[in-house]
J.: 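Once you've had a glance at the structure underneath, I'll fire off some questions.
Bear in mind that the values here come from a model prediction, so they are computed numbers and not experimental data.
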Amino acid sequence: MNTYEYKTIKIESKGFFKTTMENDQLLNEYGAAGWMIVSSFAEQINGITSAVYYTFMREKEAN
């Protein structure tokens, strides 16, 4: 039976143009390590996104 592990990260919003490339690089690093995004959630305060939470999963390596 396959088993999985999960990880959730929070990326705080610092302005659209300041963080886009950094966010892509970070998400690509997780992808290269075998993690796949299974959900994301935007945290909003007064209608303004303050952070995005990404939940990743990957298959656990056999022991």
Side-chain angles (χ1 to χ4, degrees):
M1 176 195 312
N2 295 342
T3 58
Y4 299 91
E5 60 183 328
Y6 298 86
K7 175 185 292 239
T8 300
I9 65 166
K10 176 182 179 181
I11 298 178
E12 294 192 28
S13 181
K14 296 177 186 170
F16 180 77
F17 294 106
K18 294 181 183 178
T19 61
T20 301
M21 297 301 278
E22 293 171 6
N23 291 349
D24 288 348
Q25 182 179 351
L26 178 62
L27 296 174
N28 284 326
E29 288 173 11
Y30 278 103
W35 293 98
M36 178 174 56
I37 295 175
V38 293
S39 71
S40 62
F41 174 81
E43 177 180 80
Q44 295 188 344
I45 299 172
N46 295 326
I48 299 171
T49 300
S50 59
V52 178
Y53 293 84
Y54 295 93
T55 300
F56 298 85
M57 76 175 233
R58 70 177 174 188
E59 192 170 344
K60 283 187 176 182
E61 295 181 13
N63 292 328

J.: Ala32: what forms a side chain to side chain contact (heavy atoms under 4.5 Å, CB included) with it, not counting sequence neighbours?
T.: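 Testing Ala32 for side chain to side chain contact (heavy atoms under 4.5 Å, CB included), a comparison that skips the adjacent residues, returns none.
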J.: Name every donor-acceptor pair, under 3.5 Å, that has one atom in a side chain of residues 43-50 and the other anywhere in the protein, sequence neighbours excluded.
T.:
residue : atom : partner : partner atom : Å
Glu43   : OE1  : Ser50   : OG           : 3.1
Glu43   : OE2  : Tyr53   : OH           : 3.2
Gln44   : NE2  : Thr49   : OG1          : 3.4
Ser50   : OG   : Glu43   : O            : 3.3

J.: Residues in side-chain hydrogen bond (donor to acceptor under 3.5 Å, both in side chains) with Ser40, at least two apart?
T.: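 Once residues adjacent in sequence are excluded, Ser40 has no partner under the side-chain hydrogen bond (donor to acceptor under 3.5 Å, both in side chains) criterion.
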J.: Can you list the residues that meet the side-chain hydrogen bond (donor to acceptor under 3.5 Å, both in side chains) rule with Glu59, with sequence neighbours excluded?
T.: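 So Glu59 forms no side-chain hydrogen bond (donor to acceptor under 3.5 Å, both in side chains) with any residue.
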J.: Just grab all the salt bridge (charged side-chain N to carboxylate O under 4.0 Å, His left out) pairs involving residues 25-35, residues at least two apart or on different chains.
T.: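 Residue pairs with at least one partner in residues 25-35: there are none.
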J.: Using the test side chain to side chain contact (heavy atoms under 4.5 Å, CB included), find all partners of Met57 that sit at least two apart in sequence or belong to another chain.
T.: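 Tyr4, Tyr6, Met36, Val38.
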J.: With a 4.5 Å limit on heavy-atom distance, are the side chains of Leu26 and Ile9 in contact?
T.: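 Leu26 reaches Ile9 side chain to side chain.
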J.: By ring pair (Phe, Tyr, Trp, His ring centres under 6.0 Å), which residues pair with Tyr54, not counting sequence neighbours?
T.: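 So Tyr54 forms no ring pair (Phe, Tyr, Trp, His ring centres under 6.0 Å) with any residue.
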J.: Looking at every heavy atom in both Gly34 and Arg58, which two are closest together, and how far apart are they?
T.: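 The pair with the smallest heavy-atom distance is O-CB, 3.1 Å.
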